[in-house]
*Asks:* 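My questions will all concern the structure given below.
Predicted model, so just to flag it, every value in this text is computed and none were measured.
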Amino acid sequence: MSESTTKTAIITAVVTGLFTVIAGVATYWITTKEPELAYSVVGGPTLSSATGSKRIFVVEVRNSGRKEIAQTLVQLSLQGGELSEVASEASPGVKLVEEKGQRQVEIRADMLNPGDLVKVSFLTSLLSADAEPKVVVLSLIHIS
């Protein structure tokens, strides 16, 4: 076997191996669907008055993955004050169920498809200006 034939065989083997690996990674990336639940909590400025402090918070929960998420729960609680007003909205087709109390709110979403969003806005009446709400976001992954 000549030297040029050996070099050609090695280059062909390396290029074939490289394309095989790239095709395997691309197939995995295209066919793998995983849910990814992301959320953020944003608080506005504290509004202080003689009767106390008020503050608005917004919680956004989004399925930024590539698979649906079943039964998402958003739980808000506030120990150092009261949840005065709560409003929630979701992407079209997402059904929300709310259970409200003075210090706790639970919002359940039936199914979040990829890209779906649940937004919860709430006004707090705070006993101290530095009181922060506790936010818990849980979900069940729909396995298919």
*Asks:* Please answer whether the main-chain N or O of Ser53 pairs with a side-chain N or O of Ser48 as donor and acceptor at a distance below 3.5 Å.
*Replies:* no
*Asks:* Of Thr72, Val61, Ile69, Val94, which is the lone residue that meets side chain to side chain contact (heavy atoms under 4.5 Å, CB included) with Asp116?
*Replies:*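 Of the listed options, the one satisfying the test is Val94.
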*Asks:* Please say yes or no: joined through hydrophobic side-chain contacts below 4.5 Å, possibly via intermediate residues, are Leu73 and Tyr39 part of one cluster?
*Replies:* no
*Asks:* Would you check if Val97 and Asp110 make a side-chain contact, meaning some heavy-atom pair closer than 4.5 Å?
*Replies:* no
*Asks:* Quick check: closest heavy atoms across Thr8 and Thr12, and the distance to 0.1 Å?
*Replies:*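 Nearest heavy atoms, Thr8 then Thr12: O-OG1, 2.7 Å.
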*Asks:* Quick check on Glu82: does its CD atom have over 12 non-hydrogen neighbours (other residues, nucleotides or ligands) under 6.0 Å away?
*Replies:*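 Correct, the count exceeds 12.
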*Asks:* Given the rule that I, L, V, M, F, W and Y join up when any side-chain heavy atoms are under 4.5 Å apart, are Val86 and Val41 in one cluster?
*Replies:*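 Per the 4.5 Å side-chain linkage, Val86 and Val41 are co-clustered.
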*Asks:* Consider only side-chain heavy atoms of I, L, V, M, F, W and Y, link residues closer than 4.5 Å, and tell whether Leu37 and Val118 are in one cluster.
*Replies:* yes
*Asks:* Any idea which heavy atoms bring Arg66 and Pro114 closest together, and the distance?
*Replies:* C-CG, 3.6 Å
*Asks:* Might you point out which heavy atoms bring Gly43 and Phe57 nearest each other, and give the distance in Å?
*Replies:*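 Smallest interatomic distance, heavy atoms only, reads CA-CD2, 3.5 Å.
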*Asks:* Measure the CZ-CD distance between Arg103 and Gln79 for me, rounded to the nearest 0.5 Å.
*Replies:* 7.0 Å
*Asks:* Please check if Leu96 and Phe122 belong to a single hydrophobic cluster, counting links between Ile, Leu, Val, Met, Phe, Trp and Tyr side chain heavy atoms closer than 4.5 Å.
*Replies:*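 Same hydrophobic cluster.
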*Asks:* Check step by step if side chain to side chain contact (heavy atoms under 4.5 Å, CB included) holds for Val105 and Val120.
*Replies:* CA-CA 10 Å; Val105 174; Val120 182; 5.7 Å; no
*Asks:* Tell me, with the steps shown, if Leu83 and Lys100 meet side chain to side chain contact (heavy atoms under 4.5 Å, CB included).
*Replies:* CA-CA 9 Å; Leu83 299 170; Lys100 298 178 185 178; over 6 Å; no
*Asks:* Quick check: is Val135 connected to Leu126 through a chain of hydrophobic side chains (ILVMFWY, heavy atoms under 4.5 Å apart)?
*Replies:*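 Shared cluster, yes.
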*Asks:* Could you pull out the closest heavy-atom pair between Ile107 and Glu98, with the gap in Å?
*Replies:* CG1-CG, 3.9 Å
*Asks:* Only counting residues at least two apart or in another chain, list the ones meeting side-chain hydrogen bond (donor to acceptor under 3.5 Å, both in side chains) with Ser84.
*Replies:* Ser125
*Asks:* How long is the gap from CD on Glu60 to OG on Ser40, to the nearest 0.5 Å?
*Replies:*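 Rounded to the nearest 0.5 Å, the CD-OG separation comes to 5.0 Å.
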*Asks:* Might you work through the side chain to side chain contact (heavy atoms under 4.5 Å, CB included) test for Gln75 and Glu99, ending with a clear yes or no?
*Replies:* CA-CA 10 Å; Gln75 186 179 61; Glu99 294 178 23; over 6 Å; no
*Asks:* Locate the shortest heavy-atom distance separating Leu112 from Asn63; write the atom from each residue and the value.
*Replies:*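 In this case the closest contact between Leu112 and Asn63 is O-ND2, 3.0 Å.
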*Asks:* Enter the distance from Glu85:CD to Ser121:OG here, rounded to the nearest 0.5 Å.
*Replies:* 11.5 Å
*Asks:* Taking all non-hydrogen atoms of both residues into account, name the closest pair between Gly44 and Arg55 and its distance.
*Replies:*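 Nearest heavy atoms, Gly44 then Arg55: O-NE, 2.6 Å.
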*Asks:* Just verifying a value: how many Å separate Ile56 CD1 and Thr46 OG1, rounded to the nearest 0.5 Å?
*Replies:*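 Atom-to-atom, Ile56:CD1 and Thr46:OG1 are 11.0 Å apart.
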*Asks:* Rounded to the nearest 0.5 Å, what's the gap from CZ on Arg62 to CD on Glu36? Could you check?
*Replies:* 11.5 Å
